[in-house]
Each structure stands twice: as C-alpha cells, then as structure tokens.
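Keep in mind that what you see is a predicted model, and the values were worked out from it rather than measured.
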Amino acid sequence: MKLITCGLPYANGKAHIGHLRTYVPADVYVRYLRMFGEEVIFVCGSDCHGTPIVINAEKEGLKPKELVDIYHEHFQEVFRKIDVNFDYFGRTDAEYHHERTQEIVKRLLENGYIYPKEIELAYCPNCDRFLPDRYVEGVCPYCGEIARGDECDQGCGRHLEPGEILEPRCKICGAKAIYRKQKHYFFRLTEFKDFLLEFLGKLGGTENALNYAKQWVTMELKDWCITRNLEWGVKFPGEDLVVYVWVDAPIGYISFTEKACEGRIDWRDIWLRNKAEIVHFIGLDIVYHHCIFWPAMLKGSDYSLPNAVVASGMVKVEGKTFSKSRGYVVWVEDDYLASGLNTDFLRYYLVNYTSHQKDLNFSWEVFGDKINNELIANLGNFLYRVTHFAWKNFDGEIQAKVDRNAMNAIQAAIKKIKEALENWEFKVASDAFMELSSFGNNYFQNAKPWDLIKSDRNECEKAVATCLQIAKALVILSYPVLPKTMKKFSGFLGFDVEKATTDDALKIESFKIKKPEIPFTKVLPEKIAELEDTMHKRIAMAEKKEEKEFEETGKETREVKEVVGEIENVKGEVEDVKEKEGEIVMEENPSEISFDEFKKLDLRIGKVVKAEKIEKSKKLLRLEIDIGGEVRQVVAGIAEYYKPEDLIGRLLPILVNMKPAKLMGVESRGMILAADVNGEPVLLYPDKEVKPGTKIR
RNA sequence: GCCGAGGUAGCCUAGCUGGUUGGGGCGCCUGACUCAUAAUCAGGAGGUCGGGGGUUCGAAUCCCCCCCUCGGCACCA
C-alpha cells in the first residue's frame with residue numbers, strides 16, 4: 001500500500017500553473033501506480049491557518065473561515081476540472097484535523113520534546129501589537145551597535161535572543177516598544193540532529209530535495225518556536241495560543257488520510273504501524289519543512305516516517321522567473337480553463353516538458369507546438385486513423401491476430417514506464433507511450449492496409465488488429481497523463497480504461513470498434529496568439545503598476561518603503577512562503593509624514609571621490625563621498641550593478657544623517673538613494689552639475 | 001565568498017562506473033504516400049559535448065583551473 005500526498009495549497013490565493021507543477025505529476029504517478037495494480041491512497045487539502053489568511057480576511061472584510069471557504073472551493077474545483085483526483089481533499093480548519101493536531105502536540109509534550117519558555121516579545125503600545133523581530137530596532141547589548149530584534153546585523157553579528165536587545169523601538173511608528181513576557185512553546189529540534197542525518201541518508205525521493213535537506217541539517221539546527229499569538233488556528237493545549245501553521249499543516253497528511261480511509265482501511269496501519277509507503281510530493285520551496293521539521297515531529301510522536309520526498313522544480317513563464325506581481329503567471333482558472341482548451345493538453349505539457357526536478361518553462365508558443373506536433377500529430381492521429389480505418393472497412397469487427405513485434409513493443413513501453421516511475425521521471429514515462437505511438441504509425445505505414453484492403457483482406461485484418469492492439473495499449477498507458485481524452489476514447493475501442501490495468505494492454509482479444517471521433521482538436525494559432533496577448537497585457541500592466549507605486553513611494557524614505565514593501569511582498573511563490581512564515585505580519589501603515597519630520601532628513605548631493613569593492617562581499621561597495629567640505633565613507637549595496645570606476649566623480653543624492661552602521665566590518669556613515677527596480681538599484685543624478693553638499697528638499 | 005544543481009545542434013534532452021562513426025524528440029530541408037486532424041513514413045542538413053590544461057593507446061564521460069546560468073547561506077541602512 002502507498003500513501004501519496006501533495007503539499008497543501010495555501011487558502012489565500014488562486015491556483016496557478018506553479019501549483020499544478022506538483023499536483024499533476026503526483027496525480028499521474030498515482031494513476032500509473034493503480035494501473036500497475038498498486039493500492040494507493042492519495043490525499044491533499046487546504047492549508048487554512050496562519051497570519052496572512054487572517055490579515056487578508058480582515059482586508060476583505062471577511063472572517064478567516066469565509067476567506068478560506070472561497071479558496072478551498074476554488075482549489076477543489078480546479079482539481080476536479082483538471083482531473084487531479086484526490087481520495088480526500090480536506091481542510092486544516094476542520095474539527096478532525098484540529099483533534100489530530102492536538103493529539104500529536106500532546107504526544108510531543110508527553111515525550112518531552114516540547115518545552116515552555118518565557119520569552120519577552122517586543123510590543124508596541126502605540127500600534128497595539130506584538131512586533132516581529134525585524135520590526136524591532138534597538139542597541140546590541142554586546143557591541144553597542146544598532147541591531148534588529150533577532151540579530152546584531154550591523155555590528156558584531158551575534159544572534160540575539162528575544163529580550164536581549166536594549167532600547168527597543170517600533171520600526172513602524174518609532175514609538176518605544178515595551179517588552180511583554182509571554183510563555184511560548186518550543187520544539188526540541190536540536191535533539192533530532194543525529195536522527196535526521198541518518199533518516200535523510202535513507203530517505204527516497206528526488207535529489208534536489210535531499211541535497212538541500214542534508215545541507216540544512218549539517219548546519220545549525222535551532223529549537224523551534226511552535227506557538228503564536230493568534231485566534232485563528234489550532235489551539236495549543238491548555239493555553240491561549242495557537243499552534244504555528246507549519247506544525248499543523250503537514251499533520252493534514254495524517255488527518256486527511258484518516259478521512260480517506262474511513263470505512264475501508266485502518267489509517268493506523270499507515271501512520272502508526274508502518275505498513276504503507278509514504279510519499280510526499282512538494283514544491284522545492286518547502287523542502288525544509290518536509291525533510292527536517294516534519295520527520296522530527298513524526299519521530300517525536302512515534303508516527304510513521306515518510307519514505308520519499310519528491311520535489312518538483314520551479315516554473316518559469318515565457319522564459320522569465322515566475323512572478324505574480326510582474327505578470328509572469330498563468331492562472332489555472334482565468335487563463336487556462338477559461339480558454340476552453342482540453343485540460344489534458346496542460347497535463348501533457350507539464351509532465352512531458354522536462355524532468356520533474358528541473359525548471360519547467362511555460363510558453364504558449366511551445367505549448368501549441370508540443371500539443372499540435374507531438375500529442376495530436378503522433379498519438380491523436382494514430383488512434384484515430386487506426387480506429388477509423390477499422391470501423392470503415394471492417395464495420396469495427398476485427399479478429400485478434402496480433403504481430404508479436406507489436407506485443408514486444410508494448411511490453412517494452414510498460415517496462416520503461418515502470419522504471420521511469422521508480423526514478424520519479426514522469427517525462428520518461430510519457431515519452432514511453434509517445435514512442436509506442438510512433439511505432440504504431442510506423443507499423444501502419446509499412447503495412448499499407450489501405451492497399452491490402454483491396455488485395456488481401458485477411459492480411460489487412462492482421463495489420464489492423466495489430467494496430468488496434470497498439471491503440472488499446474496506448475489508451476491505457478497514456479490514460480494517467482490524459483485521463484479525460486482516453487476515458488472517452490476507450491469507449492470507441494470497446495472498453496473502459498478506468499477499469500483497465502497494464503495487463504489489459506497485453507491481453508489479446510477481438511475488437512468491436514464503434515465509430516470513433518477525433519480524440520483531440522488542434523490548438524489554433526489564433527488561440528495561442530490570444531493567450532499570448534493576454535499574457536503580454538498582464539505584464540505591461542504589472543510594469544505600469546510598479547512604476548506608479550514607485551512614484552507614490554518615491555518620496556518616502558527608504559526605511560518606510562522597506563517596511564511597507566515587506567508587507568506587500570508578493571513577488572512570487574517563494575515570497576509567499578516567507579510571508580506565511582513571518583512571525584507576526586504587520587498591517588499596512590499609511591506612513592504619511594509631516595514636513596517637520598521630513599526636515600529631519602539631511603539629504604544632500606554628494607560626489608564620489610573614491611569607490612572600491614569590499615572584499616568577500618558580493619553586493620557591497622565602499623564609497624568615499626564628498627558631501628560638501630567633508631568626505632564620508634558610505635557602504636552601498638550596488639556592487640552587482642555598478643563598477644567602482646564608473647562611479648568616481650559622479651553626483652549622487654545621499655542621506656547624510658543616517659545612523660552609522662557597520663557592514664562586513666566597514667563603517668557606513670550615510671546612505672545613497674537609488675530607485676529600487678525589482679531589487680536592482682538605479683542611481684539618481686541631479687539634472688545639472690551642482691556642488692557637492694547641495695541640500696536636497 | 002561558501003554550498004548545492006547544471007552548462008550536449010534553434011528548443012527539450014539521453015549518454016556521464018572512460019572505448020566502435022555522441023543517441024532521441026520538436027523545428028528545418030528533400031523525397032514517398034494518402035487510411036488519417038496538411039496528419040504519416042523514408043532520407044538529410046545541423047554539435048569545437050561551456051573554455052583551458054592534464055591523466056590515458058583512447059574522454060562528453062576521470063583530475064585541476066577558469067567562465068556562465070539557477071537555487072540556498074552570508075550580505076543589500
């Protein structure tokens with residue numbers, strides 16, 4: 001028995017092609033396993049907790065559950081339409097899931113892997129909330145430099161425990177933060193280091209996941225704070241706290257298994273008695289949670305451990321890094337489903353484009369080419385020409401007389417698929433049936449049944465029977481990738497592929513063919529053009545929006561912008577995860593400042609007199625800048641974009657009364673102002689030559 | 001800078017425990033055929049296997065150095 005799970009979609013946004021990159025191959029894998037006679041349970045569900053959901057719901061004027069309902073429904077609908085067929089698709093805000101989570105937390109407590117610890121959390125009385133580390137600024141107790149909550153990032157680099165920092169201030173409103181003691185709970189991750197090293201040595205799955213995980217474990221592990229100050233989530237037993245999302249989310253794999261097993265099997269066989277192979281399909285961005293936190297939690301609560309973690313590579317769109325905010329995104333519902341294209345096309349593209357571990361590039365042009373020239377021209381055409389020929393010339397009644405070579409080819413395809421699955425190579429599996437289809441076309445072409453029908457009806461029947469056998473095998477072997485189409489087409493061949501196994505592909509029987517229909521309709525070039533157009537418009541709009549935002553925020557100080565920017569950070573997948581992990585996410589602050597406040601900024605034009613790279617750093621330049629009679633040393637993170645020699649003699653706006661800081665051991669007294677274009681600094685220059693030291697206002 | 005994963009024809013790639021002329025698919029060119037969704041079949045052009053050294057009778061494949069891409073860590077006041 002095997003349990004296959006997929007990383008839970010976070011219920012605060014719509015499904016895009018990046019999601020499908022892991023769900024579709026997982027579904028394909030499950031369907032193949034079943035076809036090979038394996039008993040499989042396939043579960044997934046919505047991840048419903050966490051701060052971003054609470055905040056998003058607030059923004060929309062909804063309760064968290066109401067927001068979750070929307071996206072839970074959305075994902076279910078998307079999966080249904082694209083034939084990703086879970087045995088159970090649950091949600092982590094369900095009662096049964098809360099129970100399971102609490103049970104596991106209790107077990108961890110009993111086993112001594114969770115301990116309480118009073119921590120001092122910075123709290124801003126003005127904003128009336130706890131402040132996450134990065135929104136706290138104060139003085140390092142070790143070196144006296146300015147530091148942020150969790151780390152003396154500018155001075156000695158020491159890690160700071162909550163409460164250590166002196167003179168804490170709220171970075172948002174500037175008010176003095178106070179410390180409030182609060183009891184939180186920690187998971188003893190550090191005790192699992194040896195276990196994890198051993199465990200990862202035998203864990204199966206894709207190398208991309210395993211290599212990362214091994215790298216993490218060899219580095220420093222820290223005990224993990226697993227409680228949060230929130231209302232929304234799984235209550236921590238006996239406290240007015242909620243369990244951290246990343247604790248309860250993977251437990252969904254267990255709770256959803258329970259539901260999927262109801263009335264059939266005992267889920268304990270899987271999760272407590274180790275009687276099933278457990279495989280997690282995930283995206284590359286959540287390897288840490290699945291290879292480190294999760295196995296440690298399972299181990300600590302005496303549950304079964306996963307056997308494999310299969311991580312899919314990243315998705316690119318039109319050759320560019322996937323990015324929602326920049327418009328490089330393909331939405332499943334609004335783009336693909338709305339286009340009316342066969343959903344099997346997308347499945348084929350996602351599975352067949354490249355190896356599961358590698359980056360997948362989604363391009364509408366390539367999509368059209370692959371579908372029309374491979375899937376339809378080769379496979380679709382073969383299925384249709386053969387069945388159509390049999391129906392037209394033999395009334396669909398064909399006696400079983402199959403060429404042995406063809407049987408060998410089918411056998412070889414099955415073998416190739418089986419081996420490919422063992423290596424998580426879904427492209428190779430789909431190539432196997434495409435090769436068999438080529439074999440079929442070849443066979444048909446060489447046999448020339450259209451000639452034989454006139455000269456030797458018996459020989460002709462043999463050729464057709466052989467091709468029909470290949471067609472039947474093709475329907476069966478491609479069904480996991482193309483379920484919708486092959487379900488329908490198997491009807492023309494007189495069987496139901498949903499009930500078929502790979503053995504049926506080798507079973508020789510006479511055929512009764514019904515009048516076939518074309519399995520796929522071609523993707524029209526106009527359709528591709530239309531979809532590309534939608535995409536280009538979206539990208540253009542995103543660029544415009546970015547410019548506008550820049551204009552609006554351009555007047556603010558960089559510091560304010562940074563803080564606001566962090567909240568609005570939606571550049572892509574990975575950042576979503578970071579956002580989800582954020583300790584306590586702040587609400588947006590309108591951050592209007594008065595003229596008096598503005599006057600506090602000593603902005604001037606400076607002239608670069610010297611510039612050099614700081615050794616051992618990638619981004620830092622050490623600049624000496626003439627700010628009018630005085631030469632300041634300033635460190636700027638622009639080395640990736642500007643050469644030191646090009647900067648000498650140039651004029652720059654500079655914030656002179658910036659608090660001094662140390663970066664890589666070099667003191668910086670001042671800050672260069674630059675436009676931030678997707679993280680790329682773009683320097684600004686005065687319109688005319690002005691004297692160094694000229695005030696900016 | 002450190003650590004991973006890669007760099008093979010226009011594109012996606014196989015090969016990577018060294019050994020006959022580096023395979024396949026898409027695209028491209030030519031021919032054949034007409035059962036079929038201008039589909040199919042045959043043939044062909046196209047590669048200094050990132051660059052440079054080295055080991056070897058022989059390297060895409062092993063060793064060293066370098067370059068580039070992607071990702072993680074450090075770091076953008």
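For A:Lys415, the side chain to side chain contact (heavy atoms under 4.5 Å, CB included) criterion is met by A:Glu419, not counting sequence neighbours. For A:Leu210, the side chain to side chain contact (heavy atoms under 4.5 Å, CB included) test picks out A:Leu203, A:Lys214, with sequence neighbours left out. With sequence neighbours left out, A:Lys316 forms a salt bridge (Lys or Arg N to Asp or Glu O under 4.0 Å) with no residue at all. For A:Arg21, there are no salt bridge (Lys or Arg N to Asp or Glu O under 4.0 Å) partners two or more places apart in sequence or in a different chain. Looking at residues two or more places apart in sequence or on another chain, you find a salt bridge (Lys or Arg N to Asp or Glu O under 4.0 Å) between A:Arg632 and A:Glu630. Checked against side chain to side chain contact (heavy atoms under 4.5 Å, CB included), A:Ala209 has the following partners two or more places apart in sequence or in another chain: A:Thr206, A:Val287, A:Val309, A:Ala311. In this structure, the side chain to side chain contact (heavy atoms under 4.5 Å, CB included) partners of A:Arg650, at least two apart in sequence or on a different chain, are A:Tyr685.
For residues 439-452 of chain A, the side chain to side chain donor-acceptor pair (under 3.5 Å) pairs, not counting sequence neighbours, are A:Asn378-A:Asn441, A:Arg385-A:Asn441, A:Arg385-A:Gln445, A:Asp403-A:Tyr443, A:Asn442-A:Asn446. Judged as a side chain to side chain donor-acceptor pair (under 3.5 Å), the pairs with a partner in residues 514-527 of chain A (not counting sequence neighbours) are, in order, A:Lys488-A:Glu517.
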Could you encode protein contacts along nucleotides 25-30 of chain B as a string, one character per nucleotide from 5' to 3', using B for base contact, S for sugar-phosphate-only contact and - for no contact, with a heavy-atom cut-off of under 4.0 Å? -SS---

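Contacts between residues 441-449 of chain A and RNA chain B, defined by a heavy-atom separation below 4.0 Å, involve A:Asn441, A:Asn442, A:Phe444, A:Gln445, listed by number.
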Anything under 3.5 Å between a protein N or O and an N or O of nucleotides 8-12 of chain B, put it in a table, one pair a line.
{"from": "B:C12", "atom 1": "O3'", "to": "A:Thr354", "atom 2": "OG1", "distance (Å)": "3.3"}
{"from": "B:C12", "atom 1": "O2'", "to": "A:Tyr353", "atom 2": "O", "distance (Å)": "2.6"}

